[in-house]
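For reference, the structure discussed in these notes is given below.
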Amino acid sequence: MTSLDTFAKEKLKPLADQGLQRHLQLTERTSGGKAQRDGRQMISFCCNDYLNFTHHPKVRQAAKDAIDRYGAGSGASRLITGNHPLIAELENRLARLKGTEDACVFSSGYLANIGIIPTLIGQQDIIFIDELSHACLRAGSSLTGAQIVTFPHNDMDQLQSQINLLRPRHQNALIVTDGVFSMDGDLAPLDQLSRLARDNDCWLMTDDAHGVGVIGHGEGMGKGSRHMFDPLPDIPLQMGTLSKAIGSFGGYLCASKPVIDLIKTRARSLIYTTALPPASVAAALAALDIIETEPEYCSRPLKNARLFARLVSLPEPASPIVPVIIGDTEKTMKFAKLLEDDGFLVTGIRPPTVAFGTARLRFTFSAEHQEEDIRALTTSLKKHGIV
Ligand SMILES: *Cc1c(COP(=O)(O)O)cnc(C)c1O
């Protein structure tokens with residue numbers, strides 16, 4: 001065995017011993033929130049495809065038409081020859097949806113965050129980040145060389161104290177948070193955050209990967225977490241992904257024109273990676289058409305999550321993500337397996353994705369889940385004593 005293989009084996013062993021080795025499982029997702037695994041048809045409660053757009057006829061058709069007209073790949077980075085006109089159209093549409101001057105599309109949400117944050121923040125600056133923020137916000141922050149201060153989840157008093165203490169010692173300051181927290185499904189207090197940011201000269205950045213398409217009040221339905229607040233909070237940096245409710249692939253930042261101009265000039269994960277394939281862009285555009293015109297459809301995932309929570313006596317969820325915290329990692333994975341045996345796909349989430357002692361079953365609900373699917377799921381959960 002080579003020293004490299006020995007290294008890999010030794011590094012993995014303690015993780016495997018703690019039940020933390022990960023295995024990729026072949027899964028074929030089909031329409032209507034269903035999936036096939038090991039030749040079995042299952043109902044999936046663990047996809048981020050909240051609006052089932054990955055299989056929506058109009059979205060699929062748009063992607064096929066784009067392949068036939070423009071080809072399968074984009075052929076270069078956006079700054080070389082990969083900047084297809086469809087991308088400019090998508091940026092206009094995203095800016096309109098989020099109410100900003102301009103937008104920049106990246107080739108994934110992860111790439112967006114590791115490009116945006118180091119473009120805006122440097123060594124002399126400071127980043128305040130919610131402890132439950134997504135891993136790629138943390139990855140982006142760590143590329144800056146800035147001081148990084150983690151604040152306890154949604155704890156505005158602690159954040160205020162940290163700002164009082166540390167803000168004066170730095171040039172620029174960024175507050176970073178998920179809009180909808182990906183493993184807990186709760187919302188950031190964007191009204192308070194935007195006030196704190198304004199009063200202390202900090203820039204506020206939200207990652208609304210799980211908000212766009214599925215939350216928002218009234219006219220703002222589908223526009224994301226900012227639209228859960230009245231008056232609308234001021235959020236100068238609104239990041240998101242095209243890969244969840246929008247059903248395609250890619251990431252974006254919506255912001256002012258000067259900020260977007262800088263991002264397009266300096267963000268390394270935009271400059272040094274290949275542009276999205278035209279099919280992904282066309283699919284996202286078709287999905288945005290539906291999001292802008294069918295608010296009732298966009299509200300269904302949250303309605304389904306609320307039905308589920310009522311049936312198992314959990315607090316009313318704020319998003320289509322509903323965690324059931326088990327605690328123990330092994331027990332969580334065993335429950336996931338029991339549910340799988342009953343025909344329900346629910347992923348067990350374990351450390352380091354979540355903190356030790358907070359392993360959980362994370363249920364996500366989509367527009368196409370039927371009431372009887374949700375009732376059958378709750379029956380199975382009760383049968384196994386999970387809730
Ligand atoms: C999924 C996710 C991302 C990454 O987006 P991709 O487009 O999948 O790379 C970023 N932030 C949050 C909060 C996410 O849930």
Side-chain angles (χ1 to χ4, degrees), residues 24 29 46-51 53-54 78 87 90-91 94 98 103-118 127 129-143 150 153-154 174-188 190 193 204-215 224-226 228 235 237-254 267-270 272-277 279-281 283-284 287-288 301 305 317-323 347 349 352-354 360 362-366:
L24 298 166
R29 297 181 52 255
C46 53
C47 295
N48 301 319
D49 184 15
Y50 300 110
L51 296 171
F53 282 166
T54 61
R78 291 190 58 192
I87 300 184
L90 179 59
E91 290 179 336
L94 288 166
K98 293 286 182 176
C104 178
V105 165
F106 290 77
S107 296
S108 81
Y110 198 108
L111 287 170
N113 279 336
I114 63 168
I116 297 161
I117 300 175
I127 300 175
I129 182 167
D130 187 286
E131 65 180 339
L132 297 188
S133 294
H134 193 266
C136 60
L137 288 169
R138 214 160 263 290
S141 300
S142 71
L143 294 175
T150 302
H153 179 50
N154 280 352
L174 182 70
I175 301 175
V176 182
T177 183
D178 288 17
V180 175
F181 287 88
S182 55
M183 295 299 139
D184 294 75
D186 58 339
L187 307 183
L190 297 177
L193 281 165
L204 177 60
M205 172 172 177
T206 58
D207 176 338
D208 213 23
H210 295 277
V212 72
V214 291
I215 61 171
S225 55
R226 178 169 172 256
M228 296 302 286
I235 306 172
L237 300 162
Q238 302 183 56
M239 175 271 164
T241 174
L242 305 170
S243 327
K244 287 168 181 157
I246 295 173
S248 177
F249 196 69
Y252 60 86
L253 174 69
C254 293
R268 300 176 68 83
S269 60
L270 176 80
Y272 297 108
T273 199
T274 301
L276 283 177
S280 300
V281 183
L288 288 178
S319 76
I321 302 168
V322 185
T347 313
I349 309 280
T353 305
V354 293
R360 67 198 62 190
R362 173 179 175 271
F363 298 85
T364 55
F365 293 86
S366 75

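Both counts, for ligands and for their atoms, begin at 1 and track the order of listing. Side chains are part of it too, since the values below use all heavy atoms of this structure and drop only hydrogens, waters and symmetry mates.
Near S243, the atoms of ligand 1 lying under 4.0 angstrom from a non-hydrogen atom of the residue are 7 (O). Shown in contact with T241 at under 4.0 Å from a heavy atom are these atoms of ligand 1, numbered in order with element: 5 (O), 6 (P), 7 (O). Those atoms of ligand 1 that come under 4.0 Å of a heavy atom in G250, given as number and element, are 7 (O). Counting atoms of ligand 1 from 1 in the listed order, those under 4.0 Å from a heavy atom of H210 are 14 (C), 15 (O).
In this structure, I321 CD1 and Y50 OH are separated by 3.5 Å, a value rounded to the nearest 0.5 Å.
Residue S182 places no N or O, backbone or side chain, under 3.5 Å from any N or O of ligand 1. Considering backbone and side-chain atoms alike, Y110 places an N or O below 3.5 Å from some N or O of ligand 1. The shortest N or O to N or O distance between N113 and ligand 1 is not under 3.5 Å.
The shortest contact between atom 5 (O) of ligand 1 and any protein heavy atom is with G109 CA, 3.4 Å. Taking atom 11 (N) of ligand 1 as the reference point, the nearest protein heavy-atom neighbour is D207 OD2, 2.5 Å.
Side-chain contact between P320 and T364 is absent, with no heavy-atom pair separated by less than 4.5 Å. Side-chain contact between L242 and L90: present, with at least one pair of heavy atoms (C-beta onward) separated by less than 4.5 Å.
For the residue pair H153/D186, the side-chain donor-acceptor check at 3.5 Å is satisfied. No side-chain donor-acceptor contact under 3.5 Å links Y110 and H134.
Using a 4.0 Å cutoff on heavy atoms, C136 counts as a contact of ligand 1.
For the pair S107 (side chain) and T274 (backbone), a donor-acceptor distance under 3.5 Å is present. Judged purely by atom type and a 3.5 angstrom limit, D130 uses its side chain to pair as donor or acceptor with the backbone of N154.
Residue S248 comes nearest to S280 through the heavy atom pair OG-O, 2.7 Å, listed as atom of the first residue, atom of the second, then distance.
For atom 14 (C) of ligand 1, the candidate residues are M183, K244, M239; the nearest heavy-atom contact is made by K244.
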